[in-house]
Amino acid sequence: MPLVTTTEMFKKAYDGGYAIGAFNVNNMEIVQGITEACREEKAPVILQVSKGARAYANHTYLVKLVEAAVIECPEIPIALHLDHGPDFETCKACIDGGFTSVMIDASSKPFAENIEITKKVVEYAHDHGVVVEAELGTLAGIEDDVKVAAHAASYTRPEEVEEFVSKTGCDSLAIAIGTSHGAYKFTAAQCTRNEKGILVPPPLRFDVLEEVSRRLPGFPIVLHGSSSVPQNYVKLINENGGKMPDAVGIPEEQLRHAAELSVCKINIDSDLRLAMTGTIREFFNEHPDKFDPREYLKPARANIKELVRHKLVDVLGCAGKA
């Protein structure tokens, strides 16, 4: 099937109590690992591209990689999404350039300005058959060009969501309930330590999510900053020359609970990078004489595939939903 929008994906996810994985892609091996897992698990998927990824790999190369995945995996729905579009011009370029979904992130702007910018993107996107994700509330952390200090983060205000969705016409809404961008989502001071000495982050604000859902019944909600930062890959990196102390993510059981509610899209980024980096570091420690990228990218791709498979089955609940 050709690239699809997220409209039908989200309707089925909302009704079925699961979420679609939205995985950030930057190169061929990441695209292959994700889509091979989704094909084998018969899961719909959103491949998303950030402003930083477009600057790194070039818009055309990324679109063609995703189009190749569509050809190789014709039996699963695949949407191509712009993650954290910073302005109308970037969103327009992606709409005109083959994307089926875009996010306009004007969450750092005042409420009225966020509405104005989002509405402009929505009108252009809908005229071209493309859907739009918007954001209310601000997540802390770092993801490509999105950099928000912890003190500047803010939870979504449920009393604003009805007006925002009504006035903008957006198709899905990213909200802030305590997730955070990057592999270092929380400071040690924000966490507690369990009996094994492992940092445990503060729980997500499910009360905010539930109130948003009550005010927007049937409307798809999105969670950003939802990588779980698998400790086995953090350990692998640190054992092979890396220095990532106290990297901690969102507990997977909390993400699964969010998927059972109104969250239809969960963004996963750092986990894939950790899997790739850890695998490559280990490969070079074990094979210091190797130099062929195919030799170290092949096991990296395989670990990405297995990580994505785990997310589809055990966290998102979307395996078998294609």
Are [X] and [Y] ion-paired here, with the side-chain N under 4.0 Å from a carboxylate O?
X    : Y    : value
R301 : E36  : no
K265 : E133 : yes
E253 : R256 : no
K64  : E67  : yes

Decide yes or no on side-chain hydrogen bond (donor to acceptor under 3.5 Å, both in side chains) for Y155 and D207, but give the supporting numbers first.
CA-CA 11 Å; Y155 291 115; D207 58 319; over 6 Å; no
Below 30° counts as parallel, above 60° as perpendicular, anything between as tilted: where do the rings of Y296 and F284 land?
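Y296 vs F284 ring planes: tilted.
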Can R309 and E306 be said to form a salt bridge (charged side-chain N to carboxylate O under 4.0 Å, His left out), step by step?
CA-CA 5 Å; R309 188 195 309 278; E306 289 312 306; 3.0 Å; yes
Any donor-acceptor pair under 3.5 Å linking the side chain of [X] with the backbone of [Y]?
X    : Y    : value
S227 : D269 : yes
T156 : A176 : yes
Y14  : P220 : no
E29  : A300 : no

Worked check of side-chain contact (heavy atoms from CB on, under 4.5 Å) between S270 and Y233:
CA-CA 11 Å; S270 299; Y233 284 118; over 6 Å; no
Worked verdict on S50 versus N24 for side-chain contact (heavy atoms from CB on, under 4.5 Å):
CA-CA 7 Å; S50 66; N24 283 69; 4.1 Å; yes
Between K120 and E116, does the salt bridge (charged side-chain N to carboxylate O under 4.0 Å, His left out) criterion hold? Intermediate values first, please.
CA-CA 6 Å; K120 183 179 179 181; E116 180 184 358; over 6 Å; no
In this structure, would [X] and [Y] fall into the same cluster of hydrophobic residues linked by side-chain contacts under 4.5 Å?
X    : Y    : result
I34  : L255 : yes
V222 : I250 : no
Y18  : F10  : yes
V131 : V63  : no
I76  : F23  : yes

Between atom [atom1] of [X] and atom [atom2] of [Y], what is the distance when rounded to the nearest 0.5 Å?
X    : Y    : atom1 : atom2 : result
H126 : I95  : NE2   : CD1   : 9.0 Å
T6   : L80  : OG1   : CG    : 11.5 Å
L316 : C264 : CG    : SG    : 11.5 Å
E282 : H287 : CD    : NE2   : 8.5 Å
C318 : K311 : SG    : NZ    : 12.0 Å
N238 : Q231 : CG    : CD    : 9.0 Å

Heavy-atom closest contact ([X] atom, [Y] atom, distance):
X    : Y    : answer
C170 : A134 : CB-CB, 4.0 Å
V132 : A125 : CG2-CB, 3.4 Å
L209 : I177 : N-CG2, 4.1 Å
A259 : I266 : CB-CD1, 4.4 Å
F283 : K290 : CE2-CB, 3.6 Å
P158 : R215 : O-CD, 3.1 Å

Run the side-chain hydrogen bond (donor to acceptor under 3.5 Å, both in side chains) check on S262 and S213 step by step: do they pass?
CA-CA 6 Å; S262 58; S213 302; 2.4 Å; yes
Distance-only donor-acceptor check, side chains E252 and H310, under 3.5 Å:
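H310 and E252 do have a side-chain donor-acceptor pair below 3.5 Å.
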State, with a plain yes or no, whether a side-chain heavy atom of [X] is found less than 4.5 Å away from one of [Y].
X    : Y    : value
D271 : S228 : yes
D105 : H224 : no
L82  : K51  : no
V313 : E41  : yes
L307 : L272 : yes
L47  : T35  : yes
K42  : E75  : no
I46  : S101 : no

Output, in order, the C-alpha distance, side-chain angles, deciding distance and verdict of side-chain contact (heavy atoms from CB on, under 4.5 Å) for D83 and N267.
CA-CA 9 Å; D83 188 29; N267 285 22; 3.5 Å; yes
Run F99 and V66 through side-chain contact (heavy atoms from CB on, under 4.5 Å) and show every step you take.
CA-CA 10 Å; F99 283 53; V66 173; over 6 Å; no
Counting neighbours of OH on Y61 that are heavy atoms of other residues, nucleotides or ligands and sit closer than 6.0 Å, is the number greater than 12?
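12 or below, so no.
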Within the supplied structure, the quantity of interest is the number of heavy atoms (other residues, nucleotides, ligands) at a distance under 6.0 Å from R281 CZ; does it exceed 12?
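Atom CZ in R281 is packed in, count exceeds 12.
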